[in-house]
Number of protein chains: 2
Amino acid sequence: MKKKVTHEQTRVLNRQLVTKTIYDAGEISRAEVARVTRLTRPTVSDLVAELMSQRLVVEVGYAPSTGGKRPMLLRIDADAQNTISIDLSRKDFCGAVLDLRGEVQHREYRRWRNDRPSLDLIFELVDSLVAAADRPLLGIGVGTPGLIDAAHGVVVAAVNQEWTNVPLRQLLEERYGVPAYVANDCQAAALGEFTFGNVNGVQDLVVISVGWGIGAGIVVNGQLLHGTPFGAGEIGHIVVAENGERCSCGGFGCLETVSSSQAIVRQVHALLARRGDPRVISPEQVSFDRVCELFHEGDAEVREVVRAAGRGLGTVAAYLVGVLGIYHLRFAGQVTAIGPFLLEAVREEMVRLLLPALADEAQLEFATLGSDIVLKGASALVLHHELGVL
Amino acid sequence: MKKKVTHEQTRVLNRQLVTKTIYDAGEISRAEVARVTRLTRPTVSDLVAELMSQRLVVEVGYAPSTGGKRPMLLRIDADAQNTISIDLSRKDFCGAVLDLRGEVQHREYRRWRNDRPSLDLIFELVDSLVAAADRPLLGIGVGTPGLIDAAHGVVVAAVNQEWTNVPLRQLLEERYGVPAYVANDCQAAALGEFTFGNVNGVQDLVVISVGWGIGAGIVVNGQLLHGTPFGAGEIGHIVVAENGERCSCGGFGCLETVSSSQAIVRQVHALLARRGDPRVISPEQVSFDRVCELFHEGDAEVREVVRAAGRGLGTVAAYLVGVLGIYHLRFAGQVTAIGPFLLEAVREEMVRLLLPALADEAQLEFATLGSDIVLKGASALVLHHELGVL
DNA sequence: TTAGATAGTAAGCTTTACTTACAAAGTAGT
DNA sequence: ACTACTTTGTAAGTAAAGCTTACTATCTAA
């Protein structure tokens, strides 16, 4: 639904435009901002004064003259404010205080009690983080698995079905008095990679997160594709294997039964058991780290398992490229430890399913943000909405 | 890239908001518009006065009182202006003059000369349509196959490679002095169906056009997904058949070799030839209409061909639903003549590839606009941009 | 030393939506 | 029928925010 436009919104948008211009430039003068944004110099001066009164922008000294009065350079003070991020994607809730560059300043964990998540645990975590933050808070960002109504910040359904229709955004905003934003963890990860992952000039990006589960986050034209009512990027239970294994969802051959870290571990365990390998008794004893070791040792059968996992991802990747016309793909999560071999397997399958010209054009990489990707993404969520940084 | 906001833009957006509100309501009073849009009554009065001076809105009489002065009802005068639409998807360029309801008032064709398209042919067609229009022109919309840079209205590459980087929008705007918009034909079709196809309250829709080629148009949150740099919805050459037939693109088993109208005709022809059916000699003599006849006569082998075509579409549809989380799908183009049997085949494959709950939720229908879908879509393109009707 | 260029600011203008107030025209209760 | 109250639509003035014009402070270059 469209909405009316007021003067106040005009101001907010232009302030965001100036903020973004300074953010992107690093250091820039008022006059240059005016040229770039096509706002007039007086307007820019006025907006900058507002940002400086919030300590968000600081003057950092004169640049050399270009034929007249020397320009005073402006910079975003990334230490002026903090954001708080929460990553609920593991049984060990993780939260952090970050600066405006998306750098983690302080980090805490809260493990589920009685093997169940609870809102109280989140509040306990955020309480502690609020106390740890030493700057004014810009906002709180949350990345969580499950189906999220991002527009209203409501957790419509979490995977474990413990939570339904929890108005998390509202709860956080009321309790802490700052803006809060909630998104699916994979979508947050994609936004994080897009914002902080050195994607020079790229406006469209898909990030496929592969860990316990598998999900995709899609950034189109610099914006997250949310998808209603089911959520975009819910690719874990698309069938990619004919006559595949039974999945926890009830289906057979879902992507998660082929390519998730657990699926890989399970298959490698079966492999070792079949060999009668004395090193292994239960699946719990074959960790993903151990699989990576075996893989890097060059175990041929393990490589085949990994290759199959990569091709499963390739199937979905091919459709993402074909359907959306986006050709920047990055993979995040535990499987990044496997390395380039995985990407080759992905591409192998893409070449089979797409026009070769298209498949060649696709850029397959690993995400650069590591295990903090969801935290940084949740922070990016706040930065995007509050500062309009892209 | 973000842009600055001016007072003028504020005005434009609020005028569009009022226009859309009246358009959607059919008949509505100023006071009611103010309540719906949350603009104030004086502002609405002012904007309505502007729209009335353009004859775009007219007063149509009093409604009964609801406890006070009777409200004066307003309506969009759909005959106040015309749009011109061009459909370049066949070797017989089609153009039309439409009213603001998207109804075709006048239609003309221009057949390719020497089996080649040409810009002159377009200009000739539009010249004639401009002369035929009896109202002021709101704008010109074009739906054309190929890769389109919709933001700039440039035909980056047409399928037949005759055209590359043709700045069609600019050419039309300079020649006719009215706004012009260019989009891919399948995307235009999707926007047309979204705008005029009775999608009550739905904000996300995928339209899959199946004719000579196959393409999808994706509407997310009321907006067309354009996709850069390759274009979204280019699904014709995704591989859906293992060991499939050779495609004109060089690949094997592309969707177009399985599910396009030509593919169906070709397979039915092969079938009849194998049978030694005396009715058929060359593929040209087996038209798609003839295939439909045979299908409706209940020819079992023809049904199997159609079923395979449906399942090919189902594969891609499953990924569209899975990846985008959009569950309204409509099919357009020649294959609509086949009827519900096709949709059943599509769903059959979707059930196999998706969580059954998801596949059940998917709404599969045929588009309602028939063969004018691209024309109406091109018109919708103009309405969306100029009037902000959605 | 001077002419010209550039950066930043100050004061007033313009656009546009909002506020307040009011007239016109209806309903409902007495 | 009269009064009190609602609702619609408009008029006049106010407020927000970007724009225009003009000015000062510097700096470069001839």
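Sequence lines set the chain letters: A, B, ... in the order given, protein chains first and strands last, and positions in each chain run from 1. Both backbone and side-chain heavy atoms feed into the values below; hydrogens, waters and symmetry mates do not.
- Not counting sequence neighbours, the partners of B:T368 by the side-chain contact (heavy atoms from CB on, under 4.5 Å) test are B:E193, B:R330.
- Ion pairing between a basic and an acidic side chain is recognised when a charged N comes within 4.0 Å of a carboxylate O; A:D99 and A:R135 show no such pairing.
- A heavy-atom distance below 4.5 Å is found between the side chains of B:L137 and B:V130.
- Listed by first and then second residue, the salt bridge (charged side-chain N to carboxylate O under 4.0 Å, His left out) pairs that reach into residues 194-205 of chain B come to none, sequence neighbours excluded.
- Partners of B:E50 by salt bridge (charged side-chain N to carboxylate O under 4.0 Å, His left out), not counting sequence neighbours, listed by chain and number: B:R11, B:R15.
- A:M52 CE to A:D77 CG: the interatomic distance, rounded to the nearest 0.5 Å, is 11.0 Å.
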Polar atoms only, N or O, under 3.5 Å: list the protein pairs with nucleotides 2-4 of chain C and their distances.
from	atom 1	to	atom 2	distance (Å)
C:dG4	N2	A:G67	O	3.3

Q: Verify side-chain contact (heavy atoms from CB on, under 4.5 Å) between B:V154 and B:R169, making sure each step is shown before the conclusion.
A: CA-CA 7 Å; B:V154 176; B:R169 174 183 183 165; over 6 Å; no
Under-3.5 Å N/O pairs linking protein and nucleotides 15-17 of chain C:
from	atom 1	to	atom 2	distance (Å)
C:dT15	O2	B:H7	ND1	3.3
C:dT16	O2	A:H7	NE2	3.2
C:dA17	OP1	B:N14	ND2	3.3
C:dA17	OP2	B:R11	NH1	2.5

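- At a threshold of 4.5 Å between non-hydrogen side-chain atoms, the residues B:I84 and B:Y176 do not count as touching.
- A search for salt bridge (charged side-chain N to carboxylate O under 4.0 Å, His left out) contacts involving B:D149 returns nothing, not counting sequence neighbours.
- Using the six-membered ring where Trp is involved, A:F194 and A:H384 have ring planes that are tilted, between 30° and 60° apart.
- Legend: residues meeting side-chain hydrogen bond (donor to acceptor under 3.5 Å, both in side chains) with B:T83, ordered by chain and number and at least two apart, are B:S379.
- For the ring pair (Phe, Tyr, Trp, His ring centres under 6.0 Å) condition, no pair includes a residue of residues 8-43 of chain B, sequence neighbours left out.
- Applying the side-chain hydrogen bond (donor to acceptor under 3.5 Å, both in side chains) rule to B:S45 yields no partners; only residues at least two apart in sequence or on another chain are considered.
- From the 5' end on, the contacts that DNA chain D makes with chain A at under 4.0 Å to a non-hydrogen atom open and close at D:dA16 to D:dT28.
- Among the heavy atoms of the strands lying under 4.0 Å from A:R35 are primed sugar atoms or P, OP1, OP2 only; no base atom is included.
- Comparing A:R70 and B:M72 by the nucleotide of DNA chain D that holds the closest heavy atom to each, the one mapping nearer the 5' end is B:M72.
- Taking five base pairs at each end of the helix from C:dT1-D:dA30 to C:dT30-D:dA1 and finding the rotation axis that steps the C1' atoms of four pairs onto the next four gives two axes whose angle is 0°, to the nearest 10°.
- Using a cutoff of 4.0 Å between basic side-chain nitrogens and carboxylate oxygens, A:E32 and A:R41 are not scored as salt-bridged.
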Q. Could you go step by step and tell me if A:I28 and A:L73 meet the side-chain contact (heavy atoms from CB on, under 4.5 Å) rule?
A. CA-CA 5 Å; A:I28 189 171; A:L73 293 180; 5.5 Å; no
With the criterion being N/O to N/O and under 3.5 Å, what pairs connect the protein with nucleotides 9-13 of chain C, and how long is each?
from	atom 1	to	atom 2	distance (Å)
C:dT9	OP2	A:S45	OG	2.8

